[in-house]
Amino acid sequence: MESAVATGVREISYVDAGIEALREEMQRDQSIVYIGQGIGPRGGNFRQTRGLWKEFGDHRLRDTGICELGATGIAIGAAMAGTRAIVDEVFLDFALEAMTQIVQQAANISYSSHGKIKAPVVVRGAMGSVRSAGAHHSHCFYAWFASTPGLKVVTPATPYDVKGLLKSALRENGPVIFIEHKALYNSKGPIPEGEYTIPLGEARIHRPGKHVTLVGVSKMVSVALEAAAILEKEGVSAEVVDPRTIVPLDRKTIAGSIRKTGRVAIIDEAPAMCGFSGEVVALACEECFDSLDAPPARICSLPVPNPFSPQLEDQMIPSAERVAAEVRKIMEN
Amino acid sequence: MESAVATGVREISYVDAGIEALREEMQRDQSIVYIGQGIGPRGGNFRQTRGLWKEFGDHRLRDTGICELGATGIAIGAAMAGTRAIVDEVFLDFALEAMTQIVQQAANISYSSHGKIKAPVVVRGAMGSVRSAGAHHSHCFYAWFASTPGLKVVTPATPYDVKGLLKSALRENGPVIFIEHKALYNSKGPIPEGEYTIPLGEARIHRPGKHVTLVGVSKMVSVALEAAAILEKEGVSAEVVDPRTIVPLDRKTIAGSIRKTGRVAIIDEAPAMCGFSGEVVALACEECFDSLDAPPARICSLPVPNPFSPQLEDQMIPSAERVAAEVRKIMEN
Amino acid sequence: MDVKLLLELYGKMLELREFELKVQDLYRRGMLPGFVHLYVGEEAVGTGVCANLRPDDLIYSTHRGHGHALAKGVPGRDVFAELWGKTTGSSAGRGGSMHLYAPEYGFMGTNGIVGAGIPLATGSALSAQLRKSGQVAVAFFGDGAVNSGSFHEGLNFGAVWNLPVVYVCENNLYATEMAFRRATKNTSVASRAAAYKMPGVEIDGNDVMAVYGAAKEAIARARSDGGPTLIEAKTYRFVGHHEGDPGTDYRTREEVEEWKSRCPIRRLGQKLVGEAGVAQADLDKIHRDVQAWLDDAVQFARQSPEPKPSEVLDHAF
Amino acid sequence: MDVKLLLELYGKMLELREFELKVQDLYRRGMLPGFVHLYVGEEAVGTGVCANLRPDDLIYSTHRGHGHALAKGVPGRDVFAELWGKTTGSSAGRGGSMHLYAPEYGFMGTNGIVGAGIPLATGSALSAQLRKSGQVAVAFFGDGAVNSGSFHEGLNFGAVWNLPVVYVCENNLYATEMAFRRATKNTSVASRAAAYKMPGVEIDGNDVMAVYGAAKEAIARARSDGGPTLIEAKTYRFVGHHEGDPGTDYRTREEVEEWKSRCPIRRLGQKLVGEAGVAQADLDKIHRDVQAWLDDAVQFARQSPEPKPSEVLDHAF
Ligand SMILES: Cc1ncc(C[n+]2csc(CCOP(=O)(O)OP(=O)(O)O)c2C)c(N)n1
Ligand SMILES: Cc1ncc(C[n+]2csc(CCOP(=O)(O)OP(=O)(O)O)c2C)c(N)n1
Ligand SMILES: [Mg+2]
Ligand SMILES: [Mg+2]
């Protein structure tokens with residue numbers, strides 16, 4: 001259950017929600033150290049640590065050179081020794097430099113040591129396309145972490161979720177991959193005044209509906225909502241579900257929605273092949289096969305690296321129109 | 001179509017089949033260079049290059065220190081400059097050191113250069129569990145490569161497939177991830193005398209059947225076959241299909257089999273979460289939803305790092321008994 | 001003093017400078033997609049190095065790579081059209097500033113990933129060695145790349161395999177806002193060559209003839225089987241890290257001004273007029289020619305067509 | 001000459017040696033699962049370093065790590081049971097030789113990934129610095145790790161953040177069959193410390209007092225905020241890379257014999273008897289004690305229970 005001692009409600013941005021979570025948790029837990037490129041005086045490439053250096057100083061905000069492998073290993077090693085650490089890869093793409101540390105060291109340590117060593121580290125990175133950032137700066141491979149036993153994976157879509165989930169991530173006992181979306185940082189949304197946390201493993205139903213379930217992750221939640229608005233005009237009532245955390249996955253809520261609507265479409269900025277979209281199809285089959293009135297549909301990015309040309313990139317990434325068109329097809333079943 | 005000028009048939013091992021392919025292709029194409037640890041005089045950690053150094057020498061068999069990142073980048077850079085390269089990560093696990101080169105450089109280069117630069121590089125590595133190798137030496141993340149546009153992914157299960165597919169991989173115009181299974185290296189099987197190749201993208205039906213389709217990858221093909229033998233005694237006729245290459249995936253053959261049998265189970269040594277098993281479930285729904293008499297089943301490794309204890313590892317990895325039990329369940333639908 | 005060479009280098013540096021200022025102008029007016037990192041102030045490095053290269057030599061560049069492309073001989077039209085995402089661009093609009101490829105000119109790409117070009121160039125040098133092609137490969141990279149594993153593993157390979165490769169570090173003292181002295185305790189890049197038993201040389205990267213000379217020696221050594229060299233060219237970007245960064249939050253105005261006073265183009269211009277007796281009118285003519293070249297490139301890029309959405313899947317493999 | 005200390009070091013080295021020979025014996029008889037890399041011949045390094053450490057100091061080991069674990073104080077029973085995959089092992093049978101963890105003794109793990117312990121140890125040193133705990137972290141690694149990005153990035157961080165960490169390279173001249181001189185042009189590991197502006201020292205790794213002395217200095221420096229040190233201990237494994245490798249395909253018998261003649265245990269024994277006037281009978285007593293300790297460990301491990309399949313999912317997160 002989401003815990004809150006909230007009173008009023010404010011509109012803040014996705015990026016500021018993260019900063020609030022960091023500030024509150026770093027005040028609360030003196031052991032937290034934050035490691036990454038440009039996260040000190042500069043306040044983060046995406047402004048994702050603005051103001052924190054002033055408050056917490058050089059010791060707890062550790063600017064690094066361009067050494068994601070080393071920085072990630074150091075964060076894990078610090079976590080193993082009793083210091084809760086955040087390592088910011090900035091662009092999730094740069095986590096590719098550090099996969100061996102994340103997958104071999106952080107993910108395995110609890111199991112292989114039979115729980116004697118824990119690595120409470122948050123690996124933070126921003127995924128997805130924004131403004132023709134190109135092939136090297138737009139990857140969405142969050143599913144790789146989800147497929148790695150020993151890692152939890154969080155993919156918030158709203159400021160509210162960023163704050164509540166980041167606070168929970170910072171209280172976990174093991175490694176959490178916390179993946180924001182670059183294009184969402186400036187988006188705004190309501191959050192309560194007081195403190196609150198959101199447990200990992202609880203999906204959020206953004207919009208109730210009757211005829212089809214749309215499962216969207218991260219930025220694709222807004223695409224799903226747009227598509228739902230289009231479909232509504234055509235008399236199709238879509239329920240939009242955001243798992244919010246990929247691991248643990250709230251299979252119950254997703255399956256409950258599909259059981260109710262009988263149809264599901266998954267919208268994902270990653271390509272379809274071997275990704276999260278197939279996992280939801282499998283979930284649908286495993287949990288509610290007899291309720292399915294149509295084959296689950298996957299609306300994903302086309303299987304190419306992100307093109308620079310805006311025209312091509314628009315074509316590559318799922319749009320509300322593409323989602324609506326695919327949903328219309330399964331509504332015919 | 002598989003091409004062959006074959007006459008007789010011989011029994012050789014999985015590892016020797018690879019050596020034959022390498023020898024023939026290195027003779028045929030003088031540009032091929034092979035880079036990796038212990039692949040020179042030593043003949044490979046798994047004996048996977050035995051004899052080649054004697055024949056091709058220091059220049060074309062390049063032993064390296066422990067620098068997978070550099071070695072992989074070098075192989076890609078050589079390939080971009082007109083030299084076909086193989087980089088042997090030995091254990092697939094060690095490719096984690098080089099993900100940034102494989103995913104950012106090799107996979108993107110053709111698309112981002114609009115086909116002006118090609119990187120004909122084969123990244124070779126052996127996956128899977130063998131003899132309590134432990135958490136760091138047993139990973140099966142082949143699906144990650146499959147989810148990366150721009151890479152082809154090959155996972156042979158037999159000596160015949162190793163030879164024919166490795167030869168094809170070495171004639172491709174772009175990067176191919178060639179993943180063997182450590183535990184199969186000593187297994188034997190028939191291959192023809194003469195030269196042959198197997199095109200990427202053609203599944204193999206190992207065993208025809210009527211009631212259920214078992215899709216297995218790599219070592220799990222043999223588990224599927226074992227399970228099929230158990231089930232046969234119970235009157236269940238299982239068709240065993242090996243995709244052989246994950247990208248390109250022979251959706252047609254797999255779907256054809258499922259359409260015929262009405263049921264499918266996927267057996268995978270990777271964990272179920274966000275892996276290839278879900279991809280096959282999605283394929284089944286997308287291509288033959290109306291033929292499905294039961295929900296597709298996934299029989300995968302349990303979601304933990306590989307335990308050292310043989311008892312625990314046996315429990316973790318799919319066994320023929322576990323497969324048979326799951327198939328019995330879906331036969332009841 | 002080889003005046004002809006100096007004039008050529010002057011003209012090339014000016015091309016690089018004016019090109020970037022034009023990009024800056026259009027980018028600020030919102031006409032170019034994506035992100036751009038400009039080479040303003042560092043022109044002497046790319047120019048001085050590439051002037052020593054054969055057309056079939058291969059260079060690997062960085063995120064700050066327009067200048068390298070032009071210096072290697074890629075036409076301004078091709079580069080500008082790529083920055084505009086047009087089909088006539090070097091990568092047919094698929095790549096943009098950080099994925100700009102022109103192998104036909106030996107330009108093996110800008111790169112969005114810091115350090116990645118180092119192993120790639122080393123691999124291309126291996127290819128040259130195997131093919132006995134006589135080619136040399138050059139990796140350009142910034143001070144930011146020096147502390148990365150790619151640098152370490154790449155240079156070690158270059159040295160132990162005695163490959164025809166030259167490693168050119170453009171040490172502009174900062175990686176984004178991170179001062180090199182905060183990223184490492186050893187602020188001499190050249191000194192690190194010793195770790196790989198490779199010659200290392202530090203030069204004034206704002207003196208095109210110093211760059212030219214050091215590169216000439218290193219390239220000749222590489223070409224004659226003498227193995228790799230690490231060159232550290234000390235330089236400075238006059239602009240922010242990328243367009244949008246004022247570049248003065250982490251650098252003092254004095255520091256920026258002091259470096260601007262060492263502008264490689266102005267320095268060479270003064271030398272040409274003051275010491276070599278070149279007429280100012282000759283330099284003015286170069287400026288006019290560069291302007292005409294640039295106008296043509298921009299117009300070409302502007303008028304070129306955009307990729308068709310239907311072609312989105314082309315060349316994925 | 002501190003005879004008491006020398007006798008302690010002698011006993012510890014002997015434990016490490018006899019332990020490994022026992023593992024070898026059982027492994028060859030097919031009684032132990034997995035793969036093992038033995039520390040035979042290199043005992044002086046782990047022993048000499050760890051003798052200077054506090055119980056709460058943290059060490060990160062390698063694939064060749066049984067000796068490090070014992071030297072740091074992990075009971076022989078815990079280690080042997082782990083190699084046998086038993087629930088009483090350090091990792092309750094989940095880890096095995098390459099995933100052996102005993103944080104209760106400051107032993108942060110063997111590691112199946114070459115080089116991985118270097119950034120981890122550096123991170124634990126950061127933790128110690130932040131917590132002002134006075135702890136020191138030590139990373140052990142082989143010559144094989146030196147050319148990897150993990151080494152480069154880890155050491156750079158240790159130096160620039162002035163962390164309480166000691167980097168101990170066990171240079172046994174080979175990584176698997178790969179001679180260090182084939183893997184790199186610069187065969188001096190200690191010299192590479194300069195690249196990070198860190199002190200580097202080369203010592204005879206088969207002389208336990210040389211190791212002890214160098215480690216003492218480095219650990220004291222680290223503990224008093226003086227920053228990291230790179231120690232290169234030249235040593236040799238008397239056995240193959242792993243059990244199954246004869247170790248003589250790529251090394252001449254002469255070379256192996258020559259190094260065996262420099263056995264750190266025999267050398268110290270001779271010194272104790274010859275120079276320090278210790279009675280042979282005292283050494284014999286140590287041998288008997290070690291044997292008894294080992295027998296107990298083996299028996300304990302043998303009799304311990306195996307994990308239950310139903311517990312396979314425990315502690316995944
Ligand atoms: C592996 C990786 N990490 C981080 C980045 C983000 N990034 C892009 S440019 C840059 C600074 C590069 O500095 P330097 O190498 O000195 O080159 P300069 O910009 O000064 O020319 C950074 C951190 C990246 N592109 N790749
Ligand atoms: C990243 C990585 N690459 C390759 C290996 C395979 N491997 C295990 S031990 C070893 C040799 C290590 O040599 P060295 O570091 O010198 O230690 P030594 O065995 O000599 O003690 C290799 C190559 C590995 N474990 N990890
Ligand atoms: Mg710089
Ligand atoms: Mg060694």
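Sequence lines set the chain letters: A, B, ... in the order given, protein chains first and strands last, and positions in each chain run from 1.
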For chain A, find which of [options] contributes the most heavy-atom pairs closer than 4.5 angstrom.
options	value
C:E311, C:R182, C:K86	C:R182
C:G85, C:S148, C:A183, C:P307	C:P307
C:G89, C:P309, C:A316	C:P309

Interchain contact, [X] with chain A, by part (heavy-atom threshold 4.5 Å):
X	value
C:T176	side chain
C:N147	both
C:K308	backbone
C:D245	neither
C:L83	backbone

Taking every non-hydrogen atom, the tightest pair across [X] and [Y]:
X	Y	value
C:G112	A:H136	N-ND1, 3.0 Å
A:I66	C:G144	CB-O, 3.4 Å
A:L312	C:V312	O-CG2, 3.6 Å
C:Y27	A:R131	OH-NH2, 2.9 Å
C:I113	A:F94	CD1-CE2, 3.7 Å
C:W84	A:F308	C-CE2, 4.4 Å

Between A:D63 and C:E177, is any pair of side-chain heavy atoms under 4.5 Å apart? yes
Using side-chain heavy atoms (C-beta onward) and a distance below 4.5 Å, is A:H137 in contact with C:M98? yes
I'd like to verify something: which residue of A:Q311, A:M316, A:E97 has the highest number of heavy-atom pairs under 4.5 Å with chain C? A:Q311
Nearest-0.5 Å distance, CG of residue A:N306 to NE2 of residue C:H99: 9.0 Å
Qualifying ring pair (Phe, Tyr, Trp, His ring centres under 6.0 Å) pairs with a residue from residues 33-62 of chain A, counting only residues at least two apart or across chains: A:F46-A:F91, A:F46-A:Y185
Heavy-atom proximity to chain C below 4.5 Å, by part of A:E68: neither
What residues of residues 35-43 of chain A sit under 4.5 Å from chain C when you count only heavy atoms? A:G38, A:P41, A:R42
